[in-house]
Amino acid sequence: MIAETAVVRDLPQQDLLNELKAFISGTRKFSRQNSLELTKTALVLLKKLPACRGAVFEYFCKVFDAAASNYIESIETEIKTGKLPEPIETDELIVSEIHAALIYLISENSIAWAPTISTWSLELLGEISTKYAGRAHISTNLNETLQLWMACRGTRTLVDINTKCLSSLIHSDTEACISALLDTSVKHSPYFDWVVAHVGSCFPNTVITRVLSVGLKDFSQNRSCDQVRSSPKLKSVVGILGHLAGSHTKDIRQAIIETFRLSLKEVFTDSDAIRLQKKATVPYILQLMYLSNTLLSSICHDTRNILTVDIIGKLRHFTDDWIKYFGTPEALEEHIISLILQCQTGGIQILNLILSCAQITKLKGCNESAKTDIREKALELLENILQEIEESVRHGTAVDMLSSCAKNISEINEMLLSSNKIVQAVGYRLILYLGRINPAVLVRAITFLMEYAKTPDQLGFVLKIITSELVDKTVPAYSEKGGHFSVVLEQILSRNIQKYTQSNEETLDLSQMWTNLLTLLEWEKSDKISLLNCRFVSRALEENFINLTSVFSSEVHHVHIIADILDKTGIPMVSSSYSPPIRVILNLTQSAVNYFFACCRAEGTSTKLRGCQRAGSILKRLCIYSKVAKVLALRELLEKALFCSEKVLFGAKNSTVHDSSEKMLLKQNKNISKTIPLTKHSTVFNGGIIGLGKRKAFVADVIPTDVIAANIAELICVLKSCCTLMEEEKYSEMSLDSMTLLSLLLVQFVSPDVMYNGLPWPEEEFSKVTIERDLFIRRKFTNTPLLWDLLSFVAVSRPALCYCSVLIRALTATLIHQWKSMGDHSKETGNENYTVLLDTTIKVIDVMALGQLLPPPLSNIRDVLPSLRCFEIVDILRDCVWCYMRDHIPSPALFICDSNGVYWRDPIMSRPPERYTNTLRIIMQRNMDTLGHLYSQMYINIPHYE
Amino acid sequence: MMSGSSDVNLKQSLRKLEYPLCAHEALKKIVELLTARVTNIKNMDLSLDLMAEFVFFEVDRRGNKRPTGLSPLVELQLLEILFEFLNNTQSEVTRNTLFFNLFSAITINMRVGILGKLVSLAIGIPSSIILISASTWMQQIGNTSPSSCKLVEALVFDYAHLAPNLQDKMKDLPKIAPEFTANFLTGVAENYYVPKKNPMFPPEVLLKYAADWLTENCTLCLAPQAKAPLLPPGAIAMEATTPIAGLLRWCILAPIYEQDQDVYTKLYLALLNSIAEIPTANAPRVINVQHLTATVNLLHNYVKTRESNVSVLVDPALQLALDRFGQAIQVALSVNAIYGHLNELFNSLQKLPFNKLISIVLNKYKLSKSTPIIIV
């Protein structure tokens, strides 16, 4: 400060006046030489004569401009010559003089000086930036411009002065400074942007809030939409906020939301201007967001927390005031729609908000008609938005809002399950639009529906989505894999398979999915739904048969429903165009067999019954379709029923007692190097194995006999299905080949030996050679009662039983042996052994009679036996049965095929010669008292051809 | 007498000079024209033309308005020329005449900015000669008129707002130009304590200046009335309003607006002293009744808007304000300084809430008038 001067009237007058004159003459011929002196004079005037400030500042402008010009020139010289000229000292000196003086003024009396100086410095910066724009610039990049100017002493000083102004006012009144900032920005954009960026980054919060409020003030003065559109201040606000958005998004967001919240609060003390501003806030924010995508995205990602239905209820009253800023209500709506469509995040939140408005039922301070209004408007808005999206999607143009929804697929999927029709429809349409861009969305949505849809209504969306014309049917996923639905199934199934293979504990409950799949299939098969005419369900199933069958084989919980689905598909069909690969056939066969046994195991008759029927139906189709399948099915069925753990279901005794002594075959082979015994055990006669003591009695599983009977019946049924002929014939539906196969399989399974398995019966003496094997077979029959039923089943389909000749022979041989050793007293005492033996004998004779291997009267022996003594039985078995069989080889040649294709032996024509029946006759005559009625039947009243 | 062609010649010759140098020549011509023994309308018109074109640079040679004003630097050059010219014009009558014509009631709105800067320079440099003319100008145009108020506002901004540190200049102002100081205070008093005006309260520095000036010089308020202004022949001298009523308004209203700085007490005391010093002879017209009544109305408004739950009798701020009011009236009455219809004042005083001092004043007046006054 200049020292206080004593009050003398004339002297100071002369002093100051001289200074003034010096300044005026100095500025008239401004040059570098006098500038330092002149600056000092100017500073004196500024302090002593406030009226001169305008002129002084204008002079400072020149000084700074000169400094900037020198700077730019030196840079340009550097670019040209590569050498940076020395900075001009006086420039530096003057600038620092001015800097110090102004800073002093600001710190002394900020409220008075800061607005003036700030406005001046901003204006000057704007002018300099514009004046030298394009010079010494490599690019117009904001950061490079910033660096360029911050390296200049003059402009850096100005920026610093301005910063000081702002920071000195930060607690009182920044409005004037910010308003100047905006005005200058309007005037000198875009060259001024670097200043804005710099100031903004120094005081982000102040600049943001002030810029917003100054903009709002200006905006609220607008009277028409044209004015709004042409408002440079608004653009400037957007520009500045846009600059700051990069690093201060959060602050901007916060400031905008704060402005919005403030506008919702009505206070009685508000002045008219404030009221107007509050009313203009929403249009203002809408315009800002319209002009800047950054601002839009900073707001829209969290609409949920900003806008609620209640707030919309409040805003409802202001809409009339908003319209003037947009022109017409339609323009406002269009504006909002275009904003919504531009949202890059949070699109789903906005839709949810509109949806909740559309369903509004309760709203504070709203009467019924107002609520109806809101609902209708919301629906209209929603429809418009969706239509816009659809339009764009059809033309292949991207919609930001839609892409933002892509992040919330699961939420959209949930919408499909909503109880509200509108929500459902919106979800459906969104999925279609998203799916057109990215088919994976469709797949995900359908998968979701398949897993969670509970009502036919919800499931119906699967059809609607898949058959929609919006779905592009040429994309790879569609064209290669047989449609989206097939991809869906593929994903679900492979996940399901993974569940087993990787044993991850993901709780994947697919029951609903299976139910839904079945429902869809049923719909398709019902032929009542036109949407399903393209048979996409079947096609998808066909496409996924490999997976489906493998799931079928591994699944436990949903096996019935899968079986139902497989059954309903009607695959494989000979007439169908679809031919499943052999792998599928085998897989399915195997699984169906497994399923059958699972059903047998199941409790509860209805599931069991239906399951067995399904298995039969599947197997029937398979066996007709493929011979391999038939072989596999029969073999599997038999093997499992006879040997595996399932055999207990059919009444077999569980003999799988694992002895520790049971040795590996390999080891046994090593032990016995010279001779290989025919059977495992060295002896079969005694009740035990030498060295191991007596055979242990088996603990029989307790399965009720009726269940066993039912199981056996079901098994026979299934076998029958497997052996069914393709074309249903009139008299026999069984395929002879299949029965032969079955018969051969029985032999293969039951007879442990490949030797002597032929059809002919040798001399009875020869059975001594085969006795061991015969006993083995016999034990099989004893332990596995099912075999009897199987034999009977085979016997019915003549002449298939012929191939089981060896089994019958073995049984007969053992019977003869046993009867020989059975004492007569056993019969009298009702010995159990006796009864069992008699029973078995009768069974054998029955089977032979059924298979027409024994013609009458030999076929009637069963009735005779109980009355005879043991040695008589031996005689009959040896002389009649054995000898007859020995001389009449049981072969298909014995049978003739009649005109209906049925094989049989005419009992009249094939009556055995006397020598085979005499023994029986004599024995019967000997026991005529008891067997008289039979005798007449067998020997006297013989039917014969006339 | 000058013919039309000589007018053109005059203008042409002036146009040869660069602006603002031509302003100096123009001013000389204007003075010639204005002080011619026989003035006629034509001369007046020419002088007005010259001012607009060559002094203030408002119109171009065709008389069209220039789109942009002067730049600050050029304006400063003009100010310097005006300052020098006026400062060197010895005849007060001539100077005042020129001053009135430069800043006439018609053109003042355009030129108030330059006027403000000119007077600001006159204070800062300082120049008592120019300040005397400015004071006369204020007086003639009305020192409480909007134009005067605007001028005063600019000065307050410069010296109280921007440069509160130039105290030596302000301290000496009454010594250099007492009439101007008084008129300045009259004007400044009108600018504050006006409801709904921002800022409502005078800056602290200004208060301090006013208090200091009045404390040092009790007769300052009467200075304009003490010296008759030197006016061009034929002009009617206007009566100068004293700052007393206006400044009293500040002191009375300050308590109810919670402005309780000591400086108000000091100013109030100085005012009372100033009133007491008024010579009773010749019935001076110091305080106009209407000027005081305006304050009563403001108090009324306050009573109406204040919260009713506090009794007016125990509202200390209001009572202090009324005390001050009553006291001032009493002192003024004692020196017979109030002129106008006293009945009007006392009738409005009756409507104010009860205050002991005021009731005493009222009763005394009633007795002196011996006319019945109904006290509610």
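Side chains included, hydrogens not; waters and symmetry mates left out as well; all remaining heavy atoms used. Everything numeric here is computed off the predicted structure, so don't read it as measured data.
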Contacting moiety of B/Gln77, where chain A heavy atoms sit under 4.5 Å: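 B/Gln77 touches chain A through backbone and side-chain heavy atoms alike.
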Value rounded to 0.5 Å, distance of [atom1] in [X] from [atom2] in [Y]:
X	Y	atom1	atom2	value
A/Leu17	B/Phe83	CG	CZ	5.5 Å
B/Leu76	A/Arg53	CG	CZ	12.0 Å
A/Arg28	B/Glu18	CZ	CD	7.5 Å
B/His161	A/Thr116	NE2	OG1	7.5 Å

Which atoms form the tightest heavy-atom contact between [X] and [Y], and what is the distance?
X	Y	answer
B/Tyr159	A/Leu49	OH-CD2, 4.3 Å
B/Pro72	A/Glu58	CD-OE1, 2.8 Å
B/Asp158	A/Pro50	O-CG, 3.6 Å
A/Lys48	B/Leu166	O-CD1, 3.2 Å

Region of A/Phe23 that comes under 4.5 Å of a non-hydrogen atom in chain B: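 When you check distances to chain B, only side chain atoms of A/Phe23 fall under 4.5 Å.
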Listed partners of B/Gln167 passing side-chain contact (heavy atoms from CB on, under 4.5 Å), at least two apart: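 B/Gln167: side-chain contact (heavy atoms from CB on, under 4.5 Å) contacts with B/Tyr209.
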A/Ile111, CD1 atom: more than 12 neighbouring heavy atoms under 6.0 Å: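 For A/Ile111, atom CD1 is not crowded (no more than 12 foreign heavy atoms under 6.0 Å).
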Flag side-chain contact, heavy atom, 4.5 Å: A/Cys52 against B/Leu121: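 They are in side-chain contact.
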Residues which pass salt bridge (charged side-chain N to carboxylate O under 4.0 Å, His left out) with B/Glu92, listed by chain and number, not counting sequence neighbours: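 Here the qualifying residues are B/Lys227.
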Working for side-chain contact (heavy atoms from CB on, under 4.5 Å), residues B/Asn165 and A/Glu108: CA-CA 10 Å; B/Asn165 47 2; A/Glu108 278 290 285; 5.5 Å; no
Donor-acceptor pair, side chain of A/Asn109 and main chain of B/Ala163, under 3.5 angstrom: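 Looks like no, no N/O pair under 3.5 Å.
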